[in-house]
Amino acid sequence: MIYLHKILPLFVLPITTFILLNLIGLVKNKKKLIYISTVLLYVTSTPIFSNYFFKIIEGEYYRTPINEIDSTSSIVVLSGMMRINEFKDNYTVEWGDADRFFAAIDLFNSGKAESIVFTGGKSPFNKTSKSEGEILKKYAISNGILKESIMVTKDVENTADEAIAVKELIGSNKNIILVTSAFHMFRAKKMFEKQGFNVIAYKVDYKTPPNQKLTIMSFLPSSGNLSLTEVGFREIIGRIFYVIKGYNK
């Protein structure tokens, strides 16, 4: 199921749509389809589209001040912030969204929870012996957090698995601070609430700035903006998938 969840969206993402429209246009000699594909590629690759579109996914930029957050039993940090490269008995880490980790450290050091829970994320497309949570635990200890205050779930592959694994580890009906990327929070919060948690959402890793100004650069396409658009589409598809699976009830 995890592979269907990850692969099926490829057929409705912008880049795949562009390719299919061009292929059909070439095979059927329909120049109009090629023109349409070119326009769509341009629009979805511009900052004026990708930033405003992604802003809808993330919600307004707002990092809750730590002193305004109630104390809870645990800070739960979702995986998806690094790539683990293993070489026999050694490994290296390539950080992506490190904000999740450092936000959790700040929250814990501010006395907002008794423990930090890292989920044992493992990508189905990059099998490793170590999970993300195991590595994050080591980084947390090196940042002064006592190992007795850190927990790691079993191996997980998606958000629904994470919510279930955390419930198995600490029990349900707990007050938790959930830390994840802003664009991912809407879906993640639903997953954890379904498992019986009382969730305080702590959004980090915003991909769009709080204030967006129109300049000439807003109309210049780039691969980075196309990538941002695709991440947004993937998140929407993920939300639809979980609705279909009944996770939002």
Using 4.0 Å as the upper bound for N to carboxylate O, is an ion pair formed by Lys207 and Glu58? no
Are Lys138 and Glu134 ion-paired here, with the side-chain N under 4.0 Å from a carboxylate O? no
On a heavy-atom basis, which atom in [X] and which in [Y] lie closest, and how many Å separate them?
| X | Y | answer |
| --- | --- | --- |
| Gly120 | Thr153 | N-OG1, 2.8 Å |
| Asp97 | Gly80 | OD2-O, 3.8 Å |
| Val179 | Arg100 | CG1-O, 3.6 Å |
| Lys122 | Glu157 | O-CG, 3.6 Å |
| Ile177 | Asp70 | CD1-O, 4.1 Å |
| Leu33 | Leu21 | CB-O, 3.8 Å |

Atom pair [atom1]/[atom2] of [X] and [Y] - distance to nearest 0.5 Å:
| X | Y | atom1 | atom2 | result |
| --- | --- | --- | --- | --- |
| Ile56 | Glu235 | CD1 | CD | 13.5 Å |
| Ile170 | Ile176 | CD1 | CD1 | 6.0 Å |
| Asn143 | Phe108 | CG | CZ | 12.0 Å |
| Glu68 | Lys112 | CD | NZ | 9.5 Å |
| Arg187 | Thr159 | CZ | OG1 | 4.5 Å |
| Leu136 | Ile145 | CG | CD1 | 12.5 Å |

Any donor-acceptor pair under 3.5 Å from Ser218 side chain to Pro47 backbone: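 Here the side-chain-to-backbone pair does not exist.
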Side-chain (Thr229) to main-chain (Thr44) donor-acceptor, under 3.5 angstrom: yes
Joint hydrophobic cluster, [X] plus [Y], side-chain heavy atoms closer than 4.5 Å:
| X | Y | result |
| --- | --- | --- |
| Val76 | Ile141 | no |
| Val166 | Val77 | no |
| Ile240 | Ile57 | yes |
| Val117 | Met185 | yes |

If you apply the rule side chain to side chain contact (heavy atoms under 4.5 Å, CB included), what do you find for Thr208 with Tyr52, and how did you get there? CA-CA 8 Å; Thr208 56; Tyr52 281 96; over 6 Å; no
Have a look at Phe197 and tell me which of Lys189, Lys174, Met191 forms a side-chain contact (heavy atoms from CB on, under 4.5 Å) with it. Lys174
Output, in order, the C-alpha distance, side-chain angles, deciding distance and verdict of side chain to side chain contact (heavy atoms under 4.5 Å, CB included) for Tyr91 and Thr128. CA-CA 9 Å; Tyr91 67 87; Thr128 56; over 6 Å; no
If you link ILVMFWY side chains whenever their heavy atoms are less than 4.5 Å apart, which other residues fall into the same cluster as Ile34? By chain and number, please. Leu26
Under the 4.5 Å side-chain heavy-atom rule for ILVMFWY, direct or indirect, which residues accompany Leu220?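 Hydrophobic cluster check, Leu220: joined to Ile216, Met217.
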If you count the non-hydrogen atoms of other residues, nucleotides and ligands that lie under 6.0 Å from OH in Tyr62, is the total more than 12?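 Correct, the count exceeds 12.
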Does the side chain to side chain contact (heavy atoms under 4.5 Å, CB included) test come out yes or no for Tyr202 and Ile66, once each step is laid out? CA-CA 9 Å; Tyr202 195 76; Ile66 290 181; 3.7 Å; yes
Partner of Phe54 by ring-ring contact (aromatic ring centres under 6.0 Å, His included), out of Phe233, Phe183, Tyr61: Phe183
From the list Trp95, Phe102, Phe118, ring-ring contact (aromatic ring centres under 6.0 Å, His included) with Tyr139 holds only for Trp95
Output, in order, the C-alpha distance, side-chain angles, deciding distance and verdict of salt bridge (charged side-chain N to carboxylate O under 4.0 Å, His left out) for Glu86 and Lys130. CA-CA 9 Å; Glu86 286 190 341; Lys130 293 185 178 297; over 6 Å; no
If we count only N and O atoms by modelled type, under 3.5 Å, do the side chains of Thr119 and Ser79 hold a donor and an acceptor together? yes
Worked check of side chain to side chain contact (heavy atoms under 4.5 Å, CB included) between Asp161 and Asn158: CA-CA 5 Å; Asp161 287 349; Asn158 58 36; 3.1 Å; yes
